[in-house]
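Some notes on the structure that comes next.
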Protein chains: 2
Amino acid sequence: MDRFTRLCKAKGLKITPQRMAVYEALKNSKEHPSADRIHKQLMPTFPSISLDTVNRTLITFARIGIINVVEGQGDPRRFDPNREDHHHFYCLSCTKIFDFHDPDLEQIRIPDQVTRMFTITGKRLCLSGYCNECRHQKAETAAPAN
Amino acid sequence: MDRFTRLCKAKGLKITPQRMAVYEALKNSKEHPSADRIHKQLMPTFPSISLDTVNRTLITFARIGIINVVEGQGDPRRFDPNREDHHHFYCLSCTKIFDFHDPDLEQIRIPDQVTRMFTITGKRLCLSGYCNECRHQKAETAAPAN
DNA sequence: TATTAAATAGGATTAATACGTATTTGTCAA
DNA sequence: TTGACAAATACGTATTAATCCTATTTAATA
Ligand SMILES: [Mn+2]
Ligand SMILES: [Mn+2]
Ligand SMILES: [Zn+2]
Ligand SMILES: [Zn+2]
């Protein structure tokens, strides 16, 4: 019994072709797709799958801990299949999210004042700016940010 | 000449009653409002102001550096008038964002590999979980997250 | 194989944001 | 102080994301 089947059983979720398809689309991906993106990706091989189902499935997966919802800046909700502890760089131009790791950052200590006040389930360093592809375009086209 | 007037002049922006109203609404706020929230807040004293103008104004303010856009998890775009270096806790239940500071975190070192690859304009520790108000409700109503 | 609750598809709705444009208005130079 | 003009606004429309509704299908279980 594979990981996916095990997880579904444990949470009392039915194993449907739709859920399997979404799981397969996410597995091994290092991207941070939106529901719409996953839906488009599945359409060729699974034309009958609905966007609503993809969206519900992703939210369900996030709820049971198969994936995470990640931080964006007002754009469509993004999901992250990478459950390792890691950090993010967010490109303000193309909205791509890049993972990075750093041993030093693993030991970030959260102030007691904060841990007392909140129940913390997620912790991550969020960087933003312009990715390599975008910073060049930017210099030509747009005015600088400040 | 006040800070707002100075900033607008420097960036070649006209000083309009709408922009002044939005600026006043943000100033001194420690919240992280959406465009809609600011619009609702202004309606009583400025009934003719349009949501479109509020939204455009906020985006303009973010562009010239008066405010920032902050990370959410798929909810409407949120703005942050607090330009001090600080960090965030995001409540997964009520979506409120809380500021916190920490001298230790000021010196977070970003790996060279990352600074080489990207132009970084923002850096922040992003925590998520449940705020004090929400974690109690949660115990009663909803099933645990995992 | 029959039962049943869960899940899906797809249409409708709501909400957030952006766009198009006629009109208004702040700015600046005469 | 005024007039010209580009910038900004209001508001209607369009687009997009997300959710809701419900008839139908289907996975799980006995
Ligand atoms: Mn990631
Ligand atoms: Mn803040
Ligand atoms: Zn980019
Ligand atoms: Zn809360």
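Just so it is clear, the values below take in all heavy atoms, side chains as well, and ignore hydrogens, waters and symmetry mates. Quick note on labels: first sequence line is chain A, next is B, and so on, each numbered from 1.
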What pairs of nitrogen or oxygen atoms, one from the protein and one from nucleotides 22-28 of chain C, lie under 3.5 Å apart?
unit_1, atom_1, unit_2, atom_2, d
C/dG26, N3, B/Lys14, NZ, 3.4
C/dT27, OP1, B/Ile15, N, 3.0

Sugar-phosphate, base or nothing in reach of A/Ser48, heavy atoms under 4.0 Å: sugar-phosphate
Options D/dA10, C/dT17, C/dT8, nucleotide nearest the side-chain atoms of A/Thr53: C/dT8
side-chain N/O A/Asn55 vs D/dA17 OP1/OP2, d < 4.0 Å: no
A/Glu71 versus A/Tyr90, closest heavy-atom pair with distance: O-CD1, 4.3 Å
N or O in side chain of A/Gln18 less than 4.0 angstrom from D/dT26 OP1/OP2: no
Below 4.0 Å: OP1/OP2 of C/dA16 and any side-chain N or O of B/Arg77: no
B/Arg37/B/Glu31 under salt bridge (Lys or Arg N to Asp or Glu O under 4.0 Å): CA gap, chis, key distance, verdict: CA-CA 11 Å; B/Arg37 204 155 169 307; B/Glu31 313 230 327; 3.0 Å; yes
side-chain contact (heavy atoms from CB on, under 4.5 Å) partners for A/Lys40, two or more places apart: A/Asp36
Flag, side chain of A/His86 to backbone of A/Phe100, donor-acceptor distance under 3.5 Å: no
Sugar-phosphate, base or nothing in reach of A/Ile59, heavy atoms under 4.0 Å: sugar-phosphate
Test item: side-chain donor near acceptor, B/Arg78 and B/Ser34, under 3.5 Å: no
Nearest-0.5 Å distance, CZ of residue A/Phe89 to OG1 of residue B/Thr115: 11.0 Å
Touch class at under 4.0 angstrom, heavy-atom based, for B/Asp36 against every strand present: nothing
D/dT9 phosphate, OP1 or OP2, under 4.0 Å from B/Arg56 side-chain N/O: yes
